[in-house]
Amino acid sequence: MADDPFTTFKKQAEEALRKALAELKAESPIVLDKAPSGMGDLAFPCFPLAKQLRKAPDAIAKDIASRIQPHDMIDKVDSKAGYVNFSVSFDRLAKSTLNEAIARKGDYGSPERKKPTRILVEHTSVNPTGPIHVGRARNPIIGDTLARILRHAGYRVDTEFYVNDVGRQVVMMTWGVKHLTADAKPERDKDDYRYVLFYQKANKVLEEKPELEKEIGQMLYNLEHGDPETVRLTHEVCERVLAAITDTLSRLNIRIDNFTWESRFVADKSVDRIIERLKGSEFCHEEGGAYFLELESFGIAGRETKWFFTRADGTSVYTTRDLAYHMDKFTRTDTAVNILGEDHKLAMQELAAALSIIGVEKKPEIVYYAFVSLPEGKMSTRKGIVVNLDDLVDEAMERAYEEVKKRRTDLSEDKMRDISRIVGIGALRYNIARVQAEKQIVFKWEDALNFEGTSAPFIQYAHARACSILEKAGDWDRGSSERRFDTDYERALVKMIASFPTVVSECAEYRKTHVLAVFAQDLAAQFNQFYRFVPVLKAEGPARDARLALVEASMWTLRNALNCLGIEAPTEM
RNA sequence: GGGCGUGUGGCCUAGUCAGGAUAUGGCACUUGCCUCCUAAGCAAGUGGUCAAGGGUUCGAAUCCCUUCACGCCCGCCA
């Protein structure tokens, strides 16, 4: 597979170092750092070699540098303060990078050939018992972004929502729908808001009349044993709430490929088969009719190392069904990636242990995220301290509209609304995607709807500027072989564009969305400097063509990075 | 009590996996720049014991140990 030019440069530098070190009879892993600006592009520190060679690091660096002849992508090798510094052949890098970006357009950053590996990204999977709130919004945004990145990195990706239509919460809601009447108006004319009222009321009624617990238990039993009426009603209610939830997600540019219903694994008896297999395990014990695995030897620690996989009445628990689901998943994919809240860590450890016990080698890979809280504390639907995702989306679009109106007087109402939607949703997604998943975040309106600095609009704005130049440029010579760039602004921008393929594959490999978000921000900042200091349309001759090529390559790179983040790139704003 | 995660200027944050050259950006604050390709921008400035302590190393935000703070978990719930 052909590497991008910067990777080729890096490999050539590594190879040259390998040879030089062999000549010196020195042994060292070859790790290249990014050199500080003005000292080349890649740096090799020679300090670890000092003891081995009994020479000063600086002398070693000098020696190594003198043994490496510049060739192909390596333009210059020199040494300074114990480092061997490599400079890339800039003209070659610029030429192939820009040609590639301009030729491949929306595919720039993606490998020429698709990878055969299938990856199934399970995300969101919230209980279909009510609207999604901001605390849970991290899940679909991280999941969808990761899926987009993996796709751009060349994998065959499917996204999946696991619909929990079996557990107690769903039964509570369905029981409420069957036996209660709503006594409040839903906050929105949407099924998730309508049905959550039944769920909430059922919980309240049960608190007041604990004797109804038996009825709930019976319904749960009926559901799990395939009672047609219970199954039908539950499924219908869940389906409606689910449809409403996916409507909310689609507002954030999130579309899910598959929905797998948990009840399927109960109905097709795969859960029963797993229970039987687990019962045959040496780790299995029984207590009052309920079965559990003793998982202490699997690294499970805490007060309780038992994992119960059946209730006393023989019915399955959540993780047991999840086990059946994962076994099904592995028949359909090579790699399973799950996006989960950090509260699922123990359950996933138990699931991994159980998979080992029944002899399944594959394990799901999990991306955990910490919860989003509000300044006044934990989000809680019951206590009413909650921000619904729909409200956040509305507010984002509304605030973006105010900003558009401030700046543009020449646009039609429709156009302004369209830009507001793109900018508002972008700001929202960006603010989630930009932060490492493991960091807990406190939701603040002013951060979530930030339109300047580190934000989607900042990146979108750079893209719109690029589009504006290209639109005004008229005809220019795209095939020009001479592309000279003399300013640091241009050269730095070219190098950033050249690094995009590597950034995408690293984000994919490490399952990190925030790295791409940071890259997009840096690229936009670099483009804005270029825009400010280097005239494009007023330039003449080959310089103009070269700069236009740089603008076009920037535009595609910004657009592709935004697309990986699930953020639309408006041509004007 | 135990397990896992997080801790970087007033606030948010990158860098931590693979230790390397003056610790990245942003917000806020101060000050400049729109007869010039869109000022959602650019430039300059103020602000840091990288939670604390110890250790390893030529070199530690990064690795090891201890402590502290915060979050999540330790259900026959999901």
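Sequence lines set the chain letters: A, B, ... in the order given, protein chains first and strands last, and positions in each chain run from 1. The structure presented is a predicted model; accordingly, all values stated were derived computationally and were not measured.
Of the nucleotides present, B:A44 is the one that pairs with B:U30 by Watson-Crick or G-U wobble criteria, both distances under 3.5 Å. Nucleotide B:C4 forms a Watson-Crick or G-U wobble pair with B:G71, both donor-acceptor distances falling under 3.5 Å. When both distances must be under 3.5 Å, the Watson-Crick or G-U wobble mate of B:A14 does not exist. Remark: B:A61 base-pairs with no nucleotide; criterion is Watson-Crick or G-U wobble with both hydrogen-bond distances under 3.5 Å. With a cut-off of 3.5 Å on both pairing distances, B:C76 has no Watson-Crick or G-U wobble partner at all. Remark: B:G19 base-pairs with no nucleotide in the shown strands. Criterion, Watson-Crick or G-U wobble with two distances under 3.5 Å.
Dashed line: the shortest gap from a side-chain N or O of A:Q529 to OP1 or OP2 of B:A43 is under 4.0 Å. Not one side-chain nitrogen or oxygen of A:R547 sits closer than 4.0 Å to the OP1 or OP2 atom of B:C37. For A:R532 and B:C37, the shortest distance from a side-chain N or O to OP1 or OP2 is not below 4.0 Å. Contact annotation: A:R408 does not reach the phosphate of B:A39 (side-chain N/O to OP1 or OP2, under 4.0 Å). A sub-4.0 Å separation between OP1 or OP2 of B:G7 and a side-chain N or O of A:K439 is present.
A centroid separation of 6.0 Å or more is found between the aromatic rings of A:F530 and A:Y489.
Side-chain proximity of A:K472 to B:C77, B:C37, B:A21: nearest is B:C37. Of the candidate nucleotides B:C76, B:A78, B:A40, B:A78 has the atom nearest to the side chain of A:E262. Taking every side-chain heavy atom of A:Y531 into account, B:C37 is the closest of B:C37, B:G15, B:U22. Among the nucleotides B:A78, B:C37, B:A43, the one closest to any side-chain atom of A:Y318 is B:A78. Of the candidate nucleotides B:G71, B:U16, B:A39, B:A39 has the atom lying nearest to any side-chain atom of A:R465.
Two residues are said to be in side-chain contact when any heavy atoms from C-beta on lie closer than 4.5 Å; A:Y221 and A:D313 meet this criterion.
Of the N and O atoms on the side chains of A:E215 and A:W175, at least one donor lies less than 3.5 Å from an acceptor on the other residue. In summary, the side chains of A:N222 and A:Q218 do present a donor paired with an acceptor at a separation below 3.5 Å, with no hydrogens or angles considered. Side-chain polar atoms of A:Q440 and A:Y369 form no donor-acceptor pair below 3.5 angstrom. Looking at A:Y368 and A:E438, their side chains never bring a donor and an acceptor atom within 3.5 Å of each other. Side-chain polar atoms of A:R434 and A:H514 form no donor-acceptor pair below 3.5 angstrom. For A:R321 and A:N164, the side-chain atoms include no donor-acceptor pair closer than 3.5 Å.
With rounding to whole Å, A:F451 atom CZ is found 17 Å from B:A39 atom C1'. Across the protein-nucleic acid pair, A:M555 atom CE and B:C37 atom C1' stand 15 Å apart, rounded to whole Å. The distance from atom CD of A:Q436 to atom P of B:G7 is 7 Å, rounded to the nearest whole Å. Note: CZ (A:F443) to C1' (B:G71) measures 19 Å, nearest angstrom.
The aromatic rings of A:F309 and A:Y291 lie tilted to each other, with the angle between the two planes from 30° to 60°. Using cut-offs of 30° and 60° for the angle between ring planes, the A:F298 and A:F283 rings count as perpendicular.
Across all strands, A:R321 comes closer than 4.0 Å only to sugar-phosphate atoms, never to a base (heavy-atom distances). Across all strands, A:A473 comes closer than 4.0 Å to no nucleic acid atom at all (heavy-atom distances). Using a 4.0 Å heavy-atom cutoff across all strands shown, A:D410 reaches no nucleic acid atom at all.
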Are any protein N/O atoms closer than 3.5 Å to N/O atoms in nucleotides 23-26 of chain B? If there are, list each pair with its distance.
unit_1: B:G26; atom_1: O4'; unit_2: A:T454; atom_2: OG1; d: 3.2
unit_1: B:G26; atom_1: O2'; unit_2: A:T454; atom_2: N; d: 3.2

Could you go through nucleotides 56-67 of chain B and list every protein N or O atom that sits under 3.5 Å from one of its N or O atoms, giving the distance for each pair?
unit_1: B:C58; atom_1: OP1; unit_2: A:K51; atom_2: NZ; d: 2.8

Report all interatomic pairs (protein N or O, nucleotide N or O of nucleotides 72-75 of chain B) with separations under 3.5 Å.
unit_1: B:C72; atom_1: OP1; unit_2: A:K378; atom_2: NZ; d: 3.3
unit_1: B:C72; atom_1: O4'; unit_2: A:E342; atom_2: OE2; d: 3.4
unit_1: B:C72; atom_1: O2'; unit_2: A:E342; atom_2: O; d: 3.4
unit_1: B:C72; atom_1: O2'; unit_2: A:D343; atom_2: N; d: 3.3
unit_1: B:C74; atom_1: O2'; unit_2: A:E304; atom_2: N; d: 3.0
unit_1: B:C74; atom_1: O2'; unit_2: A:E304; atom_2: O; d: 3.3
unit_1: B:C74; atom_1: O2; unit_2: A:R303; atom_2: N; d: 3.0
unit_1: B:C74; atom_1: N3; unit_2: A:R303; atom_2: NH1; d: 3.1

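Non-hydrogen atoms lying under 4.0 Å from RNA chain B are contributed by A:N127, all within residues 124-136 of chain A.
A donor-acceptor contact under 3.5 Å links the side chain of A:Y510 to the base of B:A18.
Nucleotides B:U16 and B:A23, compared at atom C1', are 12 Å apart to the nearest Å. B:A40 and B:G48 are spaced 29 Å apart, taking the C1' atom of each and rounding to whole Å. Taking atom C1' in both B:A60 and B:A21, the straight-line distance is 14 Å, to the nearest Å. Separation of the P atoms belonging to B:U57 and B:U46 is 38 Å when rounded to the nearest angstrom. One P atom belongs to B:C63, the other to B:G19, and the distance between them is 9 Å to the nearest Å.
With a glycosidic angle no more than 90° from 0, B:C34 adopts the syn conformation.
Residues that satisfy the side-chain contact (heavy atoms from CB on, under 4.5 Å) test with A:K378, not counting sequence neighbours, are absent from this structure. Every residue two or more places apart in sequence or in another chain that forms a side chain to side chain donor-acceptor pair (under 3.5 Å) with A:R408 is listed here: A:D410, A:E572.
In this structure, A:R399 fails the cation-pi test against A:F451, since its NZ or CZ atom is not both closer than 6.0 Å to the six-membered ring centre and inside 45 degrees of the ring normal.
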Inset, instruction - List the steps and the verdict of side-chain hydrogen bond (donor to acceptor under 3.5 Å, both in side chains) for A:H344 and A:N338. - result: CA-CA 11 Å; A:H344 284 73; A:N338 300 352; over 6 Å; no
Inset, instruction - Please report the C-alpha distance between A:D41 and A:K10 in whole Å, then the side-chain angles of each, then the deciding distance to 0.1 Å, and finally whether the side-chain contact (heavy atoms from CB on, under 4.5 Å) criterion is met. - result: CA-CA 9 Å; A:D41 299 288; A:K10 192 175 178 191; over 6 Å; no
Inset, instruction - Using the side-chain contact (heavy atoms from CB on, under 4.5 Å) rule, take A:Y531 and A:I469 through it: C-alpha gap first, then chi angles, then the decisive distance, then the call. - result: CA-CA 10 Å; A:Y531 181 92; A:I469 291 176; 3.8 Å; yes
